[in-house]
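Here's the structure, in structure tokens; my notes come after.
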Amino acid sequence: MTDKTHDAKPSRRQFLAGAAAVGAGAVAGGSASAATPDPLITQVQDWASGLGDGVDATPYGLPIQYESDVVRRNVEWLTADTISSINFTPIHALDGTITPQGCAFERHHSGAIELRKEDYRLMINGLVDTPLVFTYADLERFPRENRVYFCECAANSGMEWAGAQLNGAQFTHGMIHNMEYSGVSLRTLLEEAGVKPEGKWVYVEGADASSNGRSIPLEKAMDDVLVAFKANGEALRKEHGYPVRLVVPGWEGNMWVKWLRRVEVMDQPVESREETSKYTDTLANGVSRKWTWEMDAKSVVTSPSPQAPITHGPGPLVITGLAWSGRGAIAGVDVSLDGGKNWQEARLAAPGTDKALTRFYLDINWDGSEMLLQSRARDTSGYVQPTKAQLREVRGLNSIYHNNAIQTWWVKANGEAENVEVS
Ligand SMILES: Nc1nc2c(c(=O)[nH]1)N[C@H]1C(S)=C(S)[C@@H](COP(=O)(O)O)O[C@H]1N2
Ligand SMILES: [Mo]
């Protein structure tokens with residue numbers, strides 16, 4: 001077969017291709033143009049002159065070396081020791097909504113443990129008709145569900161309460177991941193044991209030394225909580241609770257107990273360390289709010305952002321970010337280019353779904369001038385993401401957890417971005 005574009009005489013097709021290249025050049029400010037031959041187009045490259053790698057070079061695939069900067073990172077002063085640790089999802093470098101397990105943030109109170117399926121046991125006891133112990137193989141025989149949910153640590157954005165501090169969406173908003181979980185509804189297992197009428201709470205704990213025990217009202221436990229063993233189709237990674245973790249949709253990450261070992265049905269909450277001295281919010285008057293389970297609606301522009309600067313000149317610019325709500329689905333996202341004075345509605349990549357990340361885009365014709373970039377999420381309950389000032393009015397300045405305020409990036413004319421606050 002002859003390729004007409006190789007003829008000396010320009011064909012219509014060649015003209016169109018040339019025009020497209022010029023057009024693309026104008027859009028991206030790139031080097032492609034019909035006038036200057038591009039060796040990447042005109043010359044046979046090394047990778048086309050021989051064989052590539054065989055299929056079994058890496059039995060379990062890893063990202064290509066050129067993507068080696070798309071990794072979890074930590075903030076040194078936050079991670080004093082390795083067993084009480086936190087790292088952050090590189091949300092500035094991801095697209096879509098699903099977080100690959102390999103770069104999903106981790107938070108451990110006493111380190112990630114290695115637990116074999118054979119050694120796994122889940123006990124349901126307390127106010128039940130029949131206390132039960134399940135093996136991993138037992139869990140696999142109950143009807144399964146598949147659901148996508150976000151998991152956000154209550155401390156996400158916590159370092160930003162007092163002022164703009166960390167320079168990057170990964171650090172300000174990266175204590176979040178969003179995966180498709182496969183598992184058994186906790187309701188199914190509780191019904192198997194038979195909850196006694198006095199049972200009003202469950203106390204859930206993990207097999208690690210910290211146990212990370214939390215009390216959950218029975219109403220929630222019987223609603224959408226999952227006992228999950230797969231994430232994004234494959235087994236949970238060790239760091240996310242292999243072989244079994246609890247998924248508590250929309251509620252603070254601390255309740256998503258990893259290496260789940262026991263569910264005790266109780267008539268009252270335990271008031272454990274994790275739900276009293278930690279994960280509570282102290283208000284301006286010194287009184288702490290008792291329970292803050294639901295994660296309020298929140299959003300962030302992931303690009304452009306400090307770690308994802310604009311690398312081209314004026315013209316078409318894709319602004320994108322993530323939005324989520326623990327109270328339902330995202331109904332809409334507004335974006336401001338001028339620090340919240342004017343707002344325009346972003347395009348949702350797909351309609352928001354219950355308690356899961358939603359991707360938004362705003363495709364603009366950037367004039368090359370600086371911007372104060374913000375996003376504002378709205379959820380199906382009618383709630384609108386607040387400004388920092390509005391949040392501080394209600395919550396004061398003592399809080400560490402549950403900061404869902406609007407984030408501002410100062411995008412400069414040279415495309416670089418910085419974490420700032422507007423008043
Ligand atoms: N057993 C156990 N479960 C746990 C924890 C823990 O240290 N031990 N950390 C909790 C906290 S504070 C958060 S934010 C989430 C983090 O889940 P990830 O490590 O999968 O991101 O797990 C929660 N579940
Ligand atoms: Mo957390």
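For ligands, and for the atoms within them, numbers begin at 1 and follow the listed sequence.
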Compile the protein residues with any heavy atom at a distance under 4.0 Å from an atom of ligand 1; present them by chain, then by number. Phe105, Glu106, Arg107, His108, His109, Cys153, His177, Gly206, Asp208, Ser210, Asn212, Glu239, His240, Arg245, Gly253, Asn254, Trp256, Val257, Lys258, Trp259, Tyr279
If you look only at distance, which donor and acceptor atoms sit under 3.5 Å apart when one is on a side chain in residues 193-206 and the other is two or more places apart or in another chain?
unit_1: Lys200; atom_1: NZ; unit_2: Pro197; atom_2: O; d: 2.9
unit_1: Glu205; atom_1: OE2; unit_2: Arg261; atom_2: NH1; d: 2.7
unit_1: Glu205; atom_1: OE2; unit_2: Arg262; atom_2: NE; d: 2.8

When Asn403 is tested against each of Arg395, Glu160, Met159 for side-chain contact (heavy atoms from CB on, under 4.5 Å), which residue passes? Glu160
For the backbone of Leu166 and the side chain of Asn419, can you confirm whether one donor and one acceptor N or O come within less than 3.5 Å of each other? yes
Would you please classify the geometry between the Trp259 ring and the His108 ring as parallel, tilted or perpendicular, with 30° and 60° separating the classes? tilted
Met222 side chain near Glu191 side chain, heavy-atom distance below 4.5 Å: yes
Is NZ or CZ of Lys258 both nearer than 6.0 Å to the six-membered ring centre of Trp256 and within 45° of the ring axis? no
